[in-house]
Amino acid sequence: MKTWDEVPFAGYILEPGNAESYKTGDWRSRQKPVLSQEKCTFCLLCWIYCPDGAIVRKEDAVEIDYYHCKGCGICSYECPSGAIRMKSELEET
Amino acid sequence: MREMVEVRFHGRGGQGVVTASRLLAEAALLEGKRVQGFPAFGAEREGAPIRAFTRISSNPIRVRSQIYTPDVVVVLDPTVIRAEKVTEGLKDDGWLIANTTKEPEELKAGLATKAKVVTVDATRIALELLGAPRVNTPILGTLVKATQLVKLDSVIKVVKSTFSGRLAEVNIKAVERAYHEAKI
Amino acid sequence: MVAGMVLALNGDEAAAYAVKQCKPDVIAAYPITPQTIIVERLSEFVADGELDAEFISAESEHSALSACIGASAMGARTYTATASQGLALMYEMLFVASSFRLPIVMSVANRALNSPLNIWNDMSDTMGARDCGWIQIYNENAQEVYDFTIQAFRIAEDHGVLLPVMVCHDGFIVSHSTEGVETLSDSEVDSFLPPRDPVYPLDVERPVTIGCVGVPEYYPEIKYQQEVATKKSISKIKEIMNEFNEDFGRNYGIIEEYRMEDAEVAILTIGSASGTAKDAVDEMRTEGKPVGLLKLRLFRPLPVKDLRKALSDVKVVGVVDRHISFGALGGALNMEVRAALYEMKDRPHVMGFPTGLGGRDIRVEHFIKIADELLKIAERDMLEEDYRVVGCRGPGCIGP
Amino acid sequence: MALKSLPLHEYLSPGHRLCAGCGEGVTIRQILKAFDEPPIICNATSCLEVSTTPFPYTAWRTPWIHPAFECTGAVAAGIEAAQKALIRKGRKKKWNVVLGLAGDGGTYDIGLQALSGALERGHKFIYVCYTNDAYMNTGIQRSGATPKAAWTTTSPAGRVIPGKTEWQKDLMKIVVAHDIPYAATVSASYPMDLQRKMRKTIQADGPAFILALSPCPRGWRTPPHLTIELGRLAVQTCMFPLYEVENGQYRVTMKPKRKLPVEYYLRPQGRFRHLFTPKTRQDIISEIQAHVDKKWEELQRLEQLT
């Protein structure tokens with residue numbers, strides 16, 4: 001870890017958005033959202049309602065960014081077409 | 001002139017006592033002297049007896065205390081003499097300059113001082129010329145006449161730069177009249 | 001007013017005039033006696049078009065300094081002024097300004113703190129704020145206020161410093177006293193003080209996060225970096241003062257000695273009391289008493305080495321504080337001077353004399369009493385009391 | 001305007017450490033989508049500030065400064081003033097929007113003075129108060145924004161006193177009293193309404209204010225997936241009506257087709273549990289309903305009057 005003469009000036013953070021490298025996906029303890037591309041209508045509600053920016057919007061589809069998804073389940077609850085199902089993390093492992 | 005002259009002004013809040021001390025300092029500054037002009041700092045409001053001070057010296061002034069043994073005392077308000085010990089600490093060879101209708105001897109009789117007493121009816125001068133009893137400028141004329149602490153011309157210059165237009169004009173007239181009407 | 005002349009200015013006006021010549025971009029302030037004249041003059045300069053700056057009439061001192069922090073973080077040259085309760089209300093933000101390394105300049109017209117309400121001078125305000133990471137410069141008269149307000153911007157903005165600076169002058173005694181002030185011309189100020197060159201301003205092209213959460217894993221490193229910078233600023237401050245001296249024919253130092261050559265006892269003062277003390281020293285000297293004076297101009301960072309050097313040959317030092325640090329050893333200055341000298345081999349005795357509290361006039365006579373006390377200590381070679389209050393009626397004090 | 005038209009940029013990056021399901025995360029993400037280029041942000045001490053900037057990480061892709069808790073209005077004022085001066089003197093090229101962000105504690109309570117001062121002086125900036133109805137950052141203590149009867153750790157639902165005994169402060173009225181060009185309430189549950197209002201704040205010639213209800217799973221004692229649903233219920237019950245005040249003119253922007261009883265909003269939240277168990281406190285629920293009805297009618301009257 002950085003010493004006092006190595007930390008940036010006055011504790012400023014000079015790399016905007018470097019929190020992106022921090023894996024909040026590890027916070028998921030119970031369930032993870034799983035997206036069914038067939039059912040998805042690309043309405044983008046999951047994208048706009050995600051607190052973590054963990055729904056990645058592509059040209060004509062969305063993807064779930066598990067590196068950052070905290071598993072809150074908003075996307076699944078709000079999805080009008082039932083395209084996102086919450087699956088147990090235990091099931092995964 | 002002594003190396004340092006200390007002047008104490010007495011008057012009431014709203015009479016321009018602090019301005020008088022400042023104008024005198026500024027006049028001396030024009031003559032290349034070292035000066036201090038400052039109020040006896042207080043929270044007094046209009047009408048309360050207040051003091052202000054001026055120091056004039058040919059050398060740098062370092063002392064920053066108030067003035068306790070003045071060479072000159074200037075009284076802007078005749079009634080303040082009843083309320084304040086205006087002659088306290090006044091040097092025996094000093095001057096008391098007072099705005100009053102009384103003659104110098106008459107005033108001196110009621111005061112415990114050996115200093116020279118000079119009087120002027122500055123209130124009348126101020127009322128006639130300024131239309132208000134603002135005696136802080138005229139009394140400087142009397143002070144100059146009596147003590148020659150600074151030149152009359154210096155006071156006039158400072159008054160000119162402090163006030164503008166007609167106000168400067170009448171104030172200068174007031175200074176000049178009080179200079180000539182000084183009862184020494 | 002014409003620049004480059006001797007002008008009749010009181011301490012507050014001297015500060016305002018200097019600030020005008022330093023061309024700040026943003027001024028944010030709240031009126032408080034005895035500083036008010038400064039912000040009145042500055043708002044007049046802005047209203048008359050003599051100063052091109054944004055003037056924010058903040059709704060409190062806390063907001064005034066907060067606005068300065070925002071403005072300074074944007075890269076603007078930023079100024080504020082306050083006193084007493086106002087500085088106390090800013091207290092939280094003082095740390096923020098220095099931790100962000102923002103070169104804000106602030107005038108403080110020193111004034112006592114409530115209660116009882118007291119608008120008069122003492123240094124309870126800035127002495128209480130001594131650990132906030134600001135550079136503190138104390139001035140004796142209006143001339144120094146003028147000269148050091150200009151130097152303060154240069155010091156604060158120097159890339160080898162980047163710290164906020166408090167330029168202190170005693171309320172009323174200096175703030176409201178008219179004196180002759182030898183001013184510089186605008187172009188002289190311009191040549192001494194280049195425009196600010198901000199290091200990491202808030203900039204959309206280069207986004208920076210200022211004011212993160214300093215987790216325990218990093219807080220000490222961030223703070224020690226600040227401590228090193230603060231300590232290191234002493235040499236830069238000296239450098240800038242020397243340049244100012246050379247450019248404009250002044251003779252300033254971070255501490256100043258007066259008749260110290262063969263002094264056996266020394267009075268140590270700060271602020272306007274220094275002048276009165278000099279008169280007292282002269283009087284003592286005519287009586288053959290070996291008294292000298294040390295005037296401390298830079299209190300933060302504390303010039304420890306300079307103090308040790310200046311006081312290495314005296315037997316006793318009397319430290320004249322202008323406030324009380326309740327329940328300790330008199331005033332902060334006394335404690336710090338004592339601490340600074342403690343590891344010297346032949347250290348002098350150090351006694352504190354808190355005085356001039358809440359506007360009580362300090363006279364030449366007071367300093368003569370102090371000096372006599374110091375000579376007695378020198379004779380006894382023993383200190384009986386850590387401090388004694390001067391200018392206070394009653395047992396244990398040296399009278400009014 | 002449709003969701004598809006909103007920009008892809010994420011000025012608040014993923015990897016921030018707000019709780020799962022945090023209303024602030026959604027709200028701030030949506031708010032930043034109204035900007036075509038990054039605003040200059042000053043942020044009050046709050047959950048948002050703490051969770052987005054633990055050194056050496058920052059989730060911000062905008063210039064961002066956090067000085068303290070209560071000074072957001074004042075810091076924004078300083079930033080705005082500096083920009084004006086620097087642009088005028090040719091040291092800065094173009095204007096950037098100044099965005100103040102603060103929670104309910106930093107706005108309703110400790111920061112109210114700085115906000116009021118900045119609004120009164122008319123600085124051109126946007127102030128967003130994201131309210132989660134309590135001091136969540138310090139562990140769920142009551143604030144001036146806490147609704148009546150809500151449990152918090154300093155307004156506990158005790159055997160004698162059933163949660164907070166006072167009504168929520170009507171902050172909008174205070175803000176509107178400053179006669180600023182634009183003020184509005186928003187909810188992330190209504191993203192397009194939020195976008196439209198945010199875009200108005202950017203256009204406003206002077207201070208603009210946004211009050212955003214930001215559900216807090218931890219403090220409200222609700223499951224994280226209900227965050228958007230609760231925002232919706234707050235609007236549908238008229239507990240948190242969506243409206244705007246543009247140059248003094250009130251306009252309700254979201255009128256529920258069928259105004260739901262407040263119980264719909266209260267019942268799912270653990271912070272109101274004591275109103276339903278062990279026995280239903282119909283007296284308090286009715287009191288809240290009456291209060292909401294009164295405020296809702298008052299709002300509609302203001303809409304008609306202005």
Side-chain angles (χ1 to χ4, degrees), chain A residues 1-33 42 44-75 77-78 89 93, chain C residues 68-70 72-75 93-104 132-135 156-164 196-233:
Chain A
M1 281 170 68
K2 284 185 168 138
T3 55
W4 66 267
D5 48 343
E6 292 166 351
V7 293
F9 175 79
Y12 288 17
I13 303 172
L14 307 173
E15 304 147 69
N18 65 354
E20 195 166 9
S21 66
Y22 185 76
K23 191 176 182 185
T24 49
D26 283 345
W27 292 17
R28 280 196 319 277
S29 58
R30 289 171 306 173
Q31 47 181 14
K32 66 185 279 189
F42 197 57
L44 291 178
L45 282 175
C46 58
W47 173 70
I48 201 68
Y49 285 147
C50 178
D52 296 294
I55 306 284
V56 183
R57 189 180 137 187
K58 294 282 161 75
E59 189 66 25
D60 51 3
V62 293
E63 275 173 19
I64 293 165
D65 164 13
Y66 292 110
Y67 190 85
H68 294 112
C69 169
K70 294 171 189 157
C72 68
I74 290 178
C75 53
Y77 186 84
E78 295 295 331
E89 283 280 343
T93 52
Chain C
C68 286
I69 287 169
S72 189
M74 279 299 295
M93 303 315 291
L94 293 174
F95 286 85
V96 177
S98 60
S99 301
F100 287 178
R101 307 283 302 275
L102 297 174
I104 299 163
C132 295
W134 285 55
I135 291 170
E157 294 173 5
D158 189 289
H159 285 196
V161 179
L162 289 172
L163 286 168
R196 184 181 164 197
D197 174 21
V199 180
Y200 295 113
L202 292 170
D203 180 2
V204 169
E205 300 297 319
R206 202 175 53 149
V208 56
T209 289
I210 306 176
C212 65
V213 178
V215 292
E217 289 78 12
Y218 283 103
Y219 189 84
E221 284 74 22
I222 293 169
K223 289 289 111 176
Y224 188 65
Q225 184 192 70
Q226 184 181 347
E227 161 67 359
V228 171
T230 311
K231 283 295 261 284
K232 263 175 62 182
S233 71

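Lettering of chains follows the sequences in order, A, B, ..., and the numbering in each one begins at 1.
- Applying the 6.0 Å contact sphere to OH of C/Tyr219 captures no more than 12 heavy atoms from other residues, nucleotides or ligands.
- Looking at A/Tyr12, its side chain does come within 3.5 Å of a backbone N or O of C/Phe100 through a donor-acceptor pair.
- Using a 30° and 60° split on the angle between ring planes, C/Tyr200 and A/Phe9 fall in the tilted class, from 30° to 60°.
- Between C/Ser99 and A/Ala10, the closest heavy-atom pair is O-CB, 3.3 Å.
- With a threshold of 4.5 angstrom between heavy atoms, C/Val228 approaches chain A through side-chain atoms but not through N, CA, C or O.
- Closest non-hydrogen pair, A/Val7 versus C/Gln225, comes out as O-NE2, 3.0 Å.
- Atoms NZ and OH, on A/Lys2 and C/Tyr218 in that order, are 6.5 Å from each other to the nearest 0.5 Å.
- The shortest non-hydrogen separation linking C/Cys212 to A/Gly11 is SG-O, 3.5 Å.
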